[in-house]
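Everything below concerns the one structure shown next.
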Number of protein chains: 2
Amino acid sequence: MAETILVLEDDPAMQSFLGTLLKTQQHQVYSFGEGIAALQHLVQQPVDLILLDLGLADMDGQLWLAQLRSWCDTPVIVISARHREQDKVQALDNGANDYVTKPFSAAELLARVRANLRHNTPQQQAFSFGDIRLDPVLRQVSRAGAEVHLTKTEYDILLLLMRHADKVLTHNQILTQVWGKTYTDRPEYVRVHMAQLRQKLEDSPAAPVYLKTEPGVGYRLKMT
Amino acid sequence: MAETILVLEDDPAMQSFLGTLLKTQQHQVYSFGEGIAALQHLVQQPVDLILLDLGLADMDGQLWLAQLRSWCDTPVIVISARHREQDKVQALDNGANDYVTKPFSAAELLARVRANLRHNTPQQQAFSFGDIRLDPVLRQVSRAGAEVHLTKTEYDILLLLMRHADKVLTHNQILTQVWGKTYTDRPEYVRVHMAQLRQKLEDSPAAPVYLKTEPGVGYRLKMT
DNA sequence: CAATCTTTATAAAATCTTTATAATCAGCCG
DNA sequence: CGGCTGATTATAAAGATTTTATAAAGATTG
């Protein structure tokens, strides 16, 4: 967490409310009441998201947005009391990413903040244990940040173990899932590849911390 | 223009309305009434934006969205008759980029479509890795500033790899996207053309830095 | 005809399977 | 309790198989 958010809002009560709301989510908030000051801040220190109230005192919010977009593509959520279709269309075409009308629900605003922060930072729904990470989207495994190359079979086994983290998977289950149901009498396949995985992923392969053997049963990926 | 948009909406009247509306903006529209069919289309042919009605007959829209997000990060605008805060928050946290409630204004919806197409435009910005540049607008590739001539097939493969940078693309995916779904048993097509690409783009084609093989799986364009 | 794609053949590389041996474990009996 | 025994497991390394790279010949296209 701890993304930075700039709030440009000239009503002090609303500015304070937004600031408090965002800070409950551990965001770093910079609040401004004037467009010029906000721009100066952005030039010096980029932020992850901008909340913009269209009704500014010192300049038109639409103009501010258009000017910002000429050099900066940080996501902008416009907050406005104006419900007219024309205002929404204009703001969105000026480069706003979202448009919320007052009064708004706090939970919805926070959800829209999360949604707009998200596509900035690519989806990290990777599995991890210790300093090992498996990213199923990239089909890539890394250890302490460095990429570890796994063969297809090794990757398939690791993914299977991670999907059932902490559960014991029997030899039969692993053989069936990775090789197919006609291979259930070849437990040595699993052993050889498990040894390879330990070589690549464990600090001391002979005394594994993560890839544990359950004698007579199968294997377990220990995450806790 | 001519971005592709997938519409998942099971009310025929609304589906037709959305299709007509989007086509006025020169978009290529694919309409579906069932979640399964829409997913099948997306697997074979990615689109630039998805419009999703939460009220599907054959499955829960929220579930569909969550499932989609496990492998696909195409922008999604949710359209729904549900005005409850809880529904909005859930959809946005499931990965929706925007949430529009019915009834909605056509102009506003189109503006939100434009806004969501804008920050993703994978087709329209030049990609680059190392000293290689691919400009999809000019359909042109250059290396260290000098133009490199690619045939149509080579270009299609490279564009596909770039649009999924760092991800492994299986032989089947490449064959389906470039040649069509009836070619999934001809992996040698991919190999021959990949060798050509390496000849044209890699410093030492036999030890590729960018166009990597994932034995038994497919190929990956390595950008990091 | 020229460019490109498809097909084919062969060599090289990577991976998987098999095997052998050593280590470990569990239960049992002296 | 301790050591024996048979089963299970770990691991390296050799062998077999699959997959891949590449050139080049043939076919296709416009």
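Worth knowing before you read on, the calculation uses all heavy atoms, side chains too, and leaves out hydrogens, waters and symmetry mates. Every chain is numbered from 1, with letters handed out A, B, ... down the list of sequences.
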Could you give the [atom1]-to-[atom2] distance, from [X] to [N], as a whole number of Å?
{"X": "B/Asp185", "N": "C/dT7", "atom1": "CG", "atom2": "P", "value": "10 Å"}
{"X": "B/Tyr155", "N": "C/dT4", "atom1": "OH", "atom2": "P", "value": "15 Å"}
{"X": "A/Lys152", "N": "C/dC16", "atom1": "NZ", "atom2": "C1'", "value": "12 Å"}
{"X": "B/Lys200", "N": "C/dT4", "atom1": "NZ", "atom2": "C1'", "value": "10 Å"}
{"X": "A/Leu197", "N": "D/dA12", "atom1": "CG", "atom2": "P", "value": "14 Å"}
{"X": "B/Lys212", "N": "C/dA14", "atom1": "NZ", "atom2": "P", "value": "10 Å"}

Using the closest heavy atom to pick a nucleotide of DNA chain C for each, name whichever of A/Tyr183 or B/Thr151 lands nearer the 5' end.
-> B/Thr151
Salt bridge or not for B/Lys222 and A/Glu147, using N-O below 4.0 Å?
-> yes
Under 3.5 Å, which donor-acceptor pairs do the side chains of residues 176-191 of chain A form with other protein atoms, sequence neighbours left out?
unit_1	atom_1	unit_2	atom_2	d
A/Thr176	OG1	A/Asn172	O	2.6
A/Arg186	NE	A/Glu188	OE2	3.2

How does each nucleotide of nucleotides 15-22 of chain D score, in 5' to 3' order, for protein heavy atoms under 4.0 Å: base (B), sugar-phosphate only (S), or none (-)?
-> ----SBSB
Does [X] make a side-chain N or O approach to OP1 or OP2 of [N] shorter than 4.0 Å?
{"X": "B/Trp179", "N": "C/dT6", "answer": "yes"}
{"X": "A/Thr153", "N": "C/dT15", "answer": "no"}
{"X": "A/His149", "N": "C/dA14", "answer": "no"}
{"X": "B/Arg186", "N": "C/dC5", "answer": "no"}

Heavy-atom pair of closest approach, residues B/Gly130 and B/Tyr210 =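 Where B/Gly130 meets B/Tyr210 most closely, the heavy atoms are CA-OH, 3.1 Å.
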Check: A/Asp48 main-chain N/O paired with A/Thr4 side-chain donor or acceptor under 3.5 Å | yes
May I ask you to establish whether A/Arg139 and A/Tyr155 are in a cation-pi arrangement, using a distance under 6.0 Å from NZ or CZ to the six-membered ring centre and at most 45° from the ring axis?
-> yes
What do the steps show when you test B/Arg143 against B/Asp203 for salt bridge (Lys or Arg N to Asp or Glu O under 4.0 Å), and what is the final call?
-> CA-CA 10 Å; B/Arg143 179 180 178 194; B/Asp203 281 332; 2.6 Å; yes
Report the residue from A/Ile77, A/Leu65, A/Leu6 that forms a side-chain contact (heavy atoms from CB on, under 4.5 Å) with A/Leu52.
-> A/Leu65
